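Numbers restart at 1 for each chain; the letters A, B, ... are given by sequence-line order, proteins then strands. Since this is a predicted model, take the numbers as computed values, not measurements.
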Protein chains: 2
Amino acid sequence: MPQRVDEERAVDALVQASFAVTRVLSEVASEHDVSLTLLRLMGILLDHEPRMAELAEHLGLERSTMSGLIDRAERRGLVERRPDPVDARATVVVMTEDSRELVESARERILETLGEFLLDLHPAQIAHLTDSLETIVSTAGGTR
Amino acid sequence: MPQRVDEERAVDALVQASFAVTRVLSEVASEHDVSLTLLRLMGILLDHEPRMAELAEHLGLERSTMSGLIDRAERRGLVERRPDPVDARATVVVMTEDSRELVESARERILETLGEFLLDLHPAQIAHLTDSLETIVSTAGGTR
DNA sequence: TATTGTTATACTCTATAACTATA
DNA sequence: TATAGTTATAGAGTATAACAATA
């Protein structure tokens, strides 16, 4: 069953590549004195003003975890809580100018560092890799 | 500069795919009542008997973090500490029968679940994806 | 009644600094 | 002196359970 073996190799490669990418992302987050979770959260805030529950859902965390995360980020001036105008139970989270700068700087570093991962691939390979990864992400998202 | 744009798209795809993969790995670890860090650590022990410092290096953690991690895992019967026969300062970590079973069961679940991520790719695409990811992993590893 | 968010609690993961034992 | 590992300490991230306010 060569197909099965190919799939195992693909899964192993996905896992190892994810570890390598996550390591870089964690290092960049650390350089900016935030956790990877918080960096990712602020990345979401770049183009969303989500409620607490939406953030939790998106990140795969409990609502109570989100409360603590947002508490600490708010104390550091990285996010603000606003009442949701259409539902008095809900709270909307928005980023601050400081966190926007932080995220933009982190993004530059990520492009630099992960860009180096691509040095040994030809442009055509990069294009195919991008297509396949985008397909995987939408397949994964659809599952959820 | 289309090349630059292509690289940005590739990096974004790498990051999003890594998040999706990490989410699955964390869920599978959680199903087995261990953290992703501990699952990964036990995965290393499948074919290595590393010292504490080697484990820390491999996982990108401090030695003191490793002490705590191994303490908790040892209390749960998932690993054992052995004196290094050639260096009385050093400690070697080995897995137990329980942890071998846990890791093998987790590996099955990971193959199942991440295998589904590949459903919308043709066999040839999977082969190219695997090649590119393996190249990336070795490029990343060489950097370190 | 169901949902949104918070609080209280507890545990894991993580790092820094100071220490012991061995090389 | 330098290295391997541990301990003490502190803080972040995480979940579960119980709760108040609103829908």
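You'll find that the side chain of A/Arg89 is closest to D/dT22, out of C/dT14, D/dT22, C/dT7. Taking the side chain of B/Leu38 as heavy atoms from C-beta on, and the options D/dA23, C/dC13, C/dA8, the nearest nucleotide is C/dC13.
Map A/Met52 and B/Asp87 each onto its nearest nucleotide of DNA chain C; the residue landing nearer the 5' end is A/Met52. Two residues, A/Ala88 and A/Leu69, neighbour DNA chain D, and the one matched to the more 5' nucleotide by heavy-atom proximity is A/Leu69.
One interatomic measurement links the two molecules: CG of A/Leu55 to P of D/dT14, which rounds to 13 Å at whole-angstrom precision. In this structure, A/Arg51 places its CZ atom 16 Å from C1' of C/dT6, rounding to the nearest Å. Distance, A/Asp33 CG to D/dA12 C1': 13 Å, rounded to whole Å. Atom CG in B/Asp71 sits roughly 7 Å away from atom P in D/dT6 (whole-Å rounding). As rounded to whole Å, 14 Å separates atom C1' of D/dG13 from atom CZ of A/Arg40. Rounded to whole Å, atom P of C/dA15 lies 5 Å from atom CG of B/Leu61. For the pair B/Arg76 CZ and C/dC13 C1', the computed distance is 14 Å after rounding to whole Å. Between the CG atom of A/Leu78 and the C1' atom of D/dA12 there is a distance of 14 Å, rounded to whole Å.
Residue side chain B/Arg72 does not reach the base of C/dT12 through any donor-acceptor N/O pair under 3.5 Å, judged by distance alone. Evaluation of atom-type donor-acceptor distances gives a pair under 3.5 Å for the side chain of B/Arg63 against the base of D/dG5. In terms of polar N and O atoms assigned as donor or acceptor, the side chain of B/Ser35 never comes within less than 3.5 Å of the base of D/dT14 in a complementary pairing. For A/Ser67 against C/dT7, no side-chain N or O and base N or O form a donor-acceptor pair under 3.5 Å.
Using a 4.5 Å heavy-atom cutoff, the side chains of B/Leu118 and B/Leu114 are not in contact. Taking 4.5 Å as the limit, every side-chain heavy atom of A/Asp6 sits out of range of all side-chain heavy atoms of B/Thr130.
For A/Gln125 (side chain) and A/His122 (main-chain N/O), a donor-acceptor pair under 3.5 Å exists by modelled atom type.
Using a 4.0 Å heavy-atom distance criterion, A/Arg81 is classed as a sugar-phosphate-only contact. Backbone-only engagement by A/Thr91 is indicated by non-hydrogen atom pairs under 4.0 Å involving sugar-phosphate atoms exclusively.
Residues B/Arg63 and B/Glu54 are not paired through a salt bridge, judged by the lack of any N-O separation under 4.0 Å between the basic side chain and the carboxylate.
Between B/Thr65 and C/dT16 there is no side-chain N or O to OP1 or OP2 distance below 4.0 Å.
Checked by atom type, the side-chain pair A/His32/A/Ser105 shows a donor-acceptor distance below 3.5 Å.
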